[in-house]
Amino acid sequence: MKSKAKRNFGKTVAALLVAAAAGAAYWLLAGGRTAKTKADDNLYTSVQEGPLVINILEAGSIKPREQIIIKSEVEGANAILYIVPEGTRVQKGQLLVELDVSTLADRRVEQDIAVQNTESSFINAKENLEVVKNQAKSDIELAELKNSFAEEDLVKYRDGEYPNQLNDAIANVTLAEEELERAKDKYEWSKKLFDENYLSETELKSDELSWKRAELSVKTAKGNLDLLQRYTNKRQIAQLESDVKQSRMALERTRSKAASDIVQAESSLRARELEFTRQRERLRKIDEQIAKARILAPMEGLVIYATSANNRWGNQQPLAEGQEVRERQELIYLPTAETFNAEVNVHESNLKKVYPGLPVRVRVNAVPGRVFMGKVSKISLLPDAQRMWANPDLKVYMTDIEIDGGGDVLKSGMNCEAEIVVEQHARAVYVPIQCVARVDKLPSVWVKTPAGPEIRSIEIGLDNNRFVRVVSGVVPGEEVLLTPPLSVSVAADATEVIPDVEIPSLEDYQRRAEAERIATLGRQEEGRAEGGERHRPDKRERTEKPAAETPATPPAQAPTSSTLKPGVSAVAEARRAADAVVDARRSASAVAVVEPPRKTE
């Protein structure tokens with residue numbers, strides 16, 4: 001397609017050049033304004049005066065001024081199942097395009113299942129959070145209750161049980177001592193009665209046993225009192241204080257664990273909620289994509305395929321059912337009003353003449369004999385990319401022209417010719433544009449005189465690619481040379497010398513390049529030699545040679561670590577070798593013998 005477009009463009013340019021040459025020849029030979037005198041073999045033409053229009057003629061096409069662009073908003077590439085025929089006038093809400101979304105329908109079923117699963121997980125996490133909070137509250141209350149009981153047990157023992165136990169022990173000691181005193185008195189009295197034979201020995205033995213039992217009771221009571229004060233009380237206090245500490249620590253652990261469980265449950269809930277929201281958003285997006293597969297007309301209008309409106313080179317297939325379209329691809333244009341623009345391409349050489357607001361005469365091929373007026377409304381800032389792709393050397397800029405009226409006969413896509421009127425003069429002096437040449441950067445013409453053509457500088461205005469307006473310098477009726485000599489109109493850049501600039505010679509460049517190359521090789525050899533000495537110190541003596549045995553470096557051989565002279569750096573040796581190489585090449589060129597440079601081993 002690209003080569004075909006280039007061939008068509010080349011044929012068009014050739015045809016235009018032939019037509020221009022024929023028109024110029026006809027104007028020169030048949031117009032009567034060019035003459036060849038008997039005394040002069042040059043061709044002359046008269047300076048004319050009269051109406052002159054400075055215009056630019058460009059071909060283009062008719063486009064709607066206001067239109068709605070219908071694009072595909074479905075992701076990826078999708079085939080067209082239905083598209084309304086081009087040229088159909090549709091009503092608002094009428095189906096324009098329907099795309100194939102069977103893959104999206106399958107994805108929606110899978111996504112719906114994923115949404116239900118994530119919703120179930122979200123609900124479970126939400127209920128689990130309430131359970132965890134309730135359990136945490138119960139555990140904390142139980143731990144607080146145990147801690148309260150432990151503190152109360154400590155206070156109860158220290159302030160209640162222990163004093164009671166101590167009093168009981170003291171009372172037991174006192175009672176035991178009283179019993180002992182009474183048993184002792186009874187025994188002594190019974191002994192006296194026994195001595196006087198008032199009591200039997202058995203009764204005496206019984207009183208003695210009661211006395212000894214009382215003594216043992218006293219010892220036992222005192223031992224219990226001592227045990228209570230020295231051991232039992234301390235142990236019980238320590239145990240109860242430990243219970244208080246353990247219950248407090250258990251309460252703290254319960255609170256921390258409860259807080260951790262709550263945080264973990266809340267994090268799990270948030271994660272499930274985010275996952276549920278994400279899956280639901282995916283489902284919503286898929287539903288939106290499926291809904292966007294049916295494109296409805298936003299308003300009433302005439303259907304114009306985007307491929308027909310933009311297919312200027314004929315290398316794009318028109319939209320049809322079964323064709324795949326991508327996301328954001330323009331599909332249909334719907335004009336919103338009966339107003340039109342002319343879209344033309346202005347060559348870069350004419351950009352300095354064209355600006356918004358200039359009047360334009362538009363002639364449409366399909367409407368012969370009718371001229372539509374308009375004005376330039378917009379000029380593109382960048383050249384047309386499609387034209388550059390077809391011909392990289394051609395730079396044209398898209399220009400929009402607003403056409404006044406024409407809604408009754410104009411249709412989108414019609415070919416037209418736009419005449420951009422830059423200037424128009426009722427009376428102007430002008431000459432053919434080929435008569436003017438620049439001499440010393442000044443526009444000049446060669447005026448016919450009895451002595452021959454005489455060069456004269458003039459002041460010119462704009463041209464219309466055929467005639468150029470002359471502001472001053474010549475008068476109507478004078479004859480000017482139609483083919484000015486090229487020898488005096490040489491471009492300034494071919495003769496102007498740049499001062500204070502020294503141009504290096506090719507030999508100097510070759511010398512520097514060779515020196516840099518050899519110096520680089522020398523540094524590499526030195527680096528490899530130093531690396532070898534570090535890794536193989538036992539072979540250092542074998543790599544060193546006396547200076548007298550070092551062979552001379554040939555002109556085309558790069559110096560190495562084994563060929564460098566003692567006390568001479570690698571860079572200096574490289575420069576010396578490069579000079580030798582250049583001298584050798586000069587000598588070889590002098591005798592017309594070209595010897596290729598030797599490769600450095």
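Numbers here are sequence positions counted from 1.
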J.: Donor-acceptor pair, distance only, cut-off 3.5 Å: does the side chain of E514 make one with the backbone of R511?
T.: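 Judged by distance alone, no pair lies under 3.5 Å.
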J.: Can you run down the ring-ring contact (aromatic ring centres under 6.0 Å, His included) pairs that involve residues 405-426, sequence neighbours left out, and say none if there aren't any?
T.: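 Checked against ring-ring contact (aromatic ring centres under 6.0 Å, His included) - neighbours excluded - no pair reaches residues 405-426.
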J.: Is there a donor-acceptor contact under 3.5 Å from the side chain of D463 to the main chain of N465?
T.: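 Answer holds: yes.
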J.: Determine whether more than 12 heavy atoms belonging to other residues, nucleotides or ligands lie under 6.0 Å from atom CZ of R65.
T.: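 Atom CZ in R65 is packed in, count exceeds 12.
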J.: Show your reasoning for whether side chain to side chain contact (heavy atoms under 4.5 Å, CB included) applies to I455 and V439.
T.: CA-CA 9 Å; I455 187 172; V439 180; 3.6 Å; yes
J.: Just by modelled atom types, is the Q91 backbone N or O under 3.5 Å from a matching donor or acceptor in the Q94 side chain?
T.: yes
J.: Do the side chain of T88 and the main chain of V84 share a donor and acceptor less than 3.5 angstrom apart?
T.: no
J.: Might you work through the salt bridge (charged side-chain N to carboxylate O under 4.0 Å, His left out) test for R270 and E273, ending with a clear yes or no?
T.: CA-CA 5 Å; R270 286 195 296 270; E273 185 180 5; over 6 Å; no
J.: Have S505 and D508 got a donor and an acceptor in their side chains that come within less than 3.5 Å?
T.: yes
J.: Is there side-chain contact between L334 and V303, with at least one heavy-atom pair below 4.5 Å?
T.: yes
J.: Could you tell me which non-hydrogen atom of I460 sits nearest to which non-hydrogen atom of V471, and how far apart they are?
T.: C-CG2, 3.9 Å
J.: Which word best sums up how the rings of F467 and Y430 line up, parallel for under 30°, tilted for 30 to 60°, or perpendicular for over 60°?
T.: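 Aromatic pair F467/Y430 classed perpendicular.
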J.: Let's go through E348 and K395 carefully: what are the C-alpha distance in whole Å and the side-chain angles of both, what is the deciding distance for salt bridge (charged side-chain N to carboxylate O under 4.0 Å, His left out) to 0.1 Å, and is it a yes or a no?
T.: CA-CA 6 Å; E348 59 181 342; K395 303 294 189 302; 5.8 Å; no
J.: Do E423 and V53 have side chains that approach each other closer than 4.5 Å (heavy atoms only, starting at C-beta)?
T.: no
J.: Return yes if some donor-acceptor pair links the side-chain N/O of R466 with the main-chain N/O of P432 below 3.5 Å, else return no.
T.: no
J.: Looking only at heavy atoms, what is the nearest atom pair of L296 and L95, with distance?
T.: CD2-CA, 3.7 Å
J.: Does one side chain, of E402 or N341, offer a donor that lies under 3.5 Å from an acceptor on the other?
T.: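 No, N341 and E402 have no side-chain donor paired with an acceptor closer than 3.5 Å.
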J.: Pair L462, V422 - check side chain to side chain contact (heavy atoms under 4.5 Å, CB included), show working.
T.: CA-CA 9 Å; L462 298 179; V422 182; 3.6 Å; yes
J.: Ignoring hydrogens, what is the shortest heavy-atom contact between R387 and V396? Give both atom names and the distance.
T.: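 Where R387 meets V396 most closely, the heavy atoms are CG-CG2, 3.7 Å.
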J.: Is the count of non-hydrogen atoms from other residues, nucleotides or ligands lying under 6.0 Å from Q424 atom CD greater than 12?
T.: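 No - once you tally the heavy atoms of other residues, nucleotides and ligands closer than 6.0 Å, there are 12 at most.
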J.: Spell out, as yes or no, whether a donor-acceptor pair under 3.5 Å connects the side chain of Q289 to the backbone of E75.
T.: yes
J.: Any non-hydrogen side-chain atom of R456 less than 4.5 Å from a side-chain atom of W446?
T.: no
J.: If you define the side chain from C-beta out and look only at heavy atoms, does anything of F276 sit under 4.5 Å from V115?
T.: yes
J.: So, for M388 and L394, which heavy atoms are closest and what is the spacing to 0.1 Å?
T.: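 M388 and L394 have their closest heavy atoms at CG-O, 3.8 Å.
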J.: Please say whether more than 12 non-hydrogen atoms of neighbouring residues, nucleotides or ligands are located less than 6.0 Å from NZ in K375.
T.: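 No, because the 6.0 Å sphere around NZ of K375 holds 12 heavy atoms or fewer from other groups.
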J.: Does D440 reach the main-chain N or O of L442 with its side chain, forming a donor-acceptor pair under 3.5 Å?
T.: no
J.: Crowded around R326 CZ? As in, over 12 foreign heavy atoms under 6.0 Å?
T.: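 Count not over threshold, so no.
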J.: Please report the C-alpha distance between M398 and E343 in whole Å, then the side-chain angles of each, then the deciding distance to 0.1 Å, and finally whether the side chain to side chain contact (heavy atoms under 4.5 Å, CB included) criterion is met.
T.: CA-CA 7 Å; M398 192 73 68; E343 191 177 85; 3.2 Å; yes
J.: How close do V325 and L319 get, heavy atom to heavy atom, and via which atoms?
T.: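 The pair with the smallest heavy-atom distance is CG1-CD2, 4.1 Å.
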J.: Output, in order, the C-alpha distance, side-chain angles, deciding distance and verdict of side chain to side chain contact (heavy atoms under 4.5 Å, CB included) for K448 and E478.
T.: CA-CA 7 Å; K448 181 180 179 181; E478 288 185 313; over 6 Å; no
J.: Hey, does the side chain of S72 reach the backbone of R328 with a donor-acceptor pair shorter than 3.5 angstrom?
T.: no
J.: Is the shortest side-chain heavy-atom distance between V445 and V474 below 4.5 Å?
T.: yes
J.: Is there a donor-acceptor contact under 3.5 Å from the side chain of E417 to the main chain of V364?
T.: no
J.: Any side-chain to backbone donor/acceptor pair from S308 onto I304? Under 3.5 Å, distance only.
T.: no
